[in-house]
Amino acid sequence: MNLRLIIGMVAAKLAMYLSKLSGRGRGSSLPGMVALRICPDLLKHYQGQPRKGVIMTTGTNGKTTTSNMLADILEQDGYRVVTNREGANLITGVATAFIKASTLTARLNCDYAVLEVDEAAFPVVTRWIKPSRVMVTNFFRDQLDRYGELDTTVGKVLDALNKLPGEVKLILNADDPLVARLARETGKVTIYYGVRPDADFSNTAAFSREAKFCPFCGSALVYNIYIYGQLGDFKCPQCGFARMRPDIEAVDVISDEAGTKATIYDNSSSGRSVWSLYIPVQGIYNIYNGLAAFTTALSLGILPEKAVLCLTTYTPATGRMESFRYGNKQVTLTLVKNPTGFNQALTVLLAQKGRQDIMIAINDNDADGRDISWLWDVDFEVLAQYPEQFNRFICSGQRAEEMALRLKYAGVPTILLATEKDYRRAINAALQGEGVAVGMMATYTALWPVEKILGQKAERVSYHANRMSSVS
Amino acid sequence: MLTVCHLYPDLLNLYGDRGNVLAFMRRCSWRGLPVQVREVNLGGAVEFAEYDFLFIGGGSDREQALMAEDLKNRVDALRMAVDNGLVVLAICGGYQLLGRYYRTSQGREIPGLGLLDFYTEAGDKRLIGNVVLEAELAGKKTKLVGFENHGGKTFINGHKPLGSVLYGHGNNGQDGREGARYKNVFCSYLHGPLLPRNPILTDYLITLALERKGYPSKLNALDDELENIANQAMVDRLLG
Ligand SMILES: [Zn+2]
């Protein structure tokens, strides 16, 4: 009997109970923090317990969505799943997920653990918990002051992958050279997913592309087509490193207010299986999230028809393109944390019909990234090209003024700009604007308060009702 | 017509550095001053003598090395332009590059361009956080704000700093100075980006560029309410 473990577990369960009682905080990482302080090797006790294995998702954007999608699929198929659903993806969040699901002696009763793990925390978490599958979404610059440079981040994930047992399978984004390189560098069995590079994606946003050089020989990568960010049909003219034809590939991707549709091909099977996929969230990046979850589910033996069906009822987590209704207006709330993600959110705004009121809340706490200069790498200039689409921009959060300044220099007329540091007043102003729709974006620590206030004022839209994709 | 050279925008697009070029351009065009920008990438032809303002940002280690290699071939032309009063803003990695060398933690010296007489050595911890400086521009004291994030510690010898540190670490966390100045060259570790957040500095650079061309350099006032509020908010937050 391990006394430290028991004391740690008791303290953690107590912390969980107290935070529930007080209603403060979401308790998604505090219990883990308490337990780890008392019992630093806590996670060791969970290793090997999930009967069918541990599936981790790491990368910069889309971790929460991808991981939640896979957990949904597995749960709907009748498996017991332990998961950290709310984006608490540091070691403390992973520990909390296990503690919540286990007894005081750290016994679990589950088939799978589906864990979203922050890139910087990945080496630490995998020291204790060995995954059987690792999904990697993409690598973009994120919160630089915390992690140092992108090369370092990718290098750390690579090192950690190399330390995993040989039988681990990687599920990799074939379109991101920074992710695809991991297959060759680790030598692990890899299943690729990707979007077929059709000419339709000619993305004009040329800024904030991360991978300009071949990771193997340093030559400039050549692209036939960009999908978004540095994702696309890339090739190194020097050494031949190039986009692999993915095993699971999406074609004919269409994204509009109702959600995102695509046809999916299984290139690896001899019979060429085809499914049509519908995900009730906007943005092409959500097709990548869905593809990763789908691909992983298939590799775990889930029937593709079941996985597709489950994804049609996917409910986004807080701020992952959540939808609300306020009177006749559609209101969307999006978490923004780096240039690529923000550019994607802007693309979605521009696809909306009718004039919109926009509310952007920027904080600079540790969890948001204290350096907000990345806002200058976001292509806000595209907004200034369509002034008729926007009624007003209300900037909120700790760095409201800087956000307004960024929009001013992007060319947005100052008459459209307002700063309102108080969330409630900012939200009210946006909801009551003259636009026919409202777009809200917030950084991590601004998201919860905004979501809470919005949830009181507006009705959450559920897409669950009769929106089934045709299964072929 | 003022001509701006943005060096290696393809390579060095970290930390919103392109906001510096954007601020310079916008503040010219809001005043009706004709201005154009030319982006120069690796190996591209560049005549430094043709430019009025040169911006160099920073990048990751690998990009930094590529930039140093490329600039080495152009250093004589650059030195001549600088001696002729070319207005230069060099941020972070671009700043370090203009000095004599960067000494790694293993004691290896990576030579810089040696345009300015300063050096940088690897520190044991990164200097990160918000910064307020007091700078003197055109004889007037002003507060500059920004965000620093650098592993190297820079010692500027006889050069004037850009400003003295009121909050933050500055060049090395020791001597209370931030950045370096030499002729019309301005170096700083501050991201922010620096120019949009500090319109007084931007306008000073524009003034210097105009003076060098022999144009009347008295700039029209702009509506800087937003800039001033943002600048003041950070000063108040850090200095209380
Ligand atoms: Zn190569």
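None of the values given here were measured: they were computed from a predicted structure. Convention: sequence-line order gives letters A, B, ...; per-chain numbering from 1.
- Taking non-hydrogen atoms and a 4.5 Å limit, the residue list of residues 88-99 of chain B in contact with chain A is empty.
- Taking chain A as the reference chain and counting heavy-atom pairs below 4.5 Å, the highest number among Gly19(B), Gly146(B), Pro193(B) is found for Pro193(B).
- Between chain B and the options Asp151(A), Leu375(A), Ile372(A), the largest number of non-hydrogen pairs under 4.5 Å is found for Asp151(A).
- Applying the side-chain contact (heavy atoms from CB on, under 4.5 Å) rule to Thr207(B) yields the partners Glu211(B), Ser217(B), Leu219(B); only residues at least two apart in sequence or on another chain are considered.
- Applying the side-chain contact (heavy atoms from CB on, under 4.5 Å) criterion to Glu225(B), with sequence neighbours excluded, gives Asp223(B), Ile229(B).
- In plain terms, the two heavy atoms of Phe390(A) and Leu383(A) that are nearest each other are CZ-CD2, 3.5 Å.
- Only the side chain of Met234(B) comes within less than 4.5 Å of a heavy atom in chain A; its backbone stays farther off.
- Ion pairing between Asp364(A) and Arg237(B) holds under the 4.0 Å rule for side-chain N and carboxylate O.
- Ala410(A) touches chain B through its backbone: at least one of N, CA, C or O sits under 4.5 Å from a heavy atom, while the side chain does not.
- Ion pairing between a basic and an acidic side chain is recognised when a charged N comes within 4.0 Å of a carboxylate O; Glu381(A) and Arg406(A) show such pairing.
- A donor-acceptor contact under 3.5 angstrom links the side chains of Asn365(A) and Gln398(A), judged on distance only.
- The list of salt bridge (Lys or Arg N to Asp or Glu O under 4.0 Å) pairs with a residue in residues 192-204 of chain B, not counting sequence neighbours, reads Glu402(A)-Arg197(B), Arg27(B)-Asp203(B), Arg31(B)-Asp203(B).
- Contact annotation for Ala23(B): both backbone and side-chain heavy atoms come within less than 4.5 Å of a heavy atom of chain A.
- In summary, Lys337(A) and Asp368(A) do not engage in a salt bridge, as defined by a charged side-chain N under 4.0 Å from a carboxylate O.
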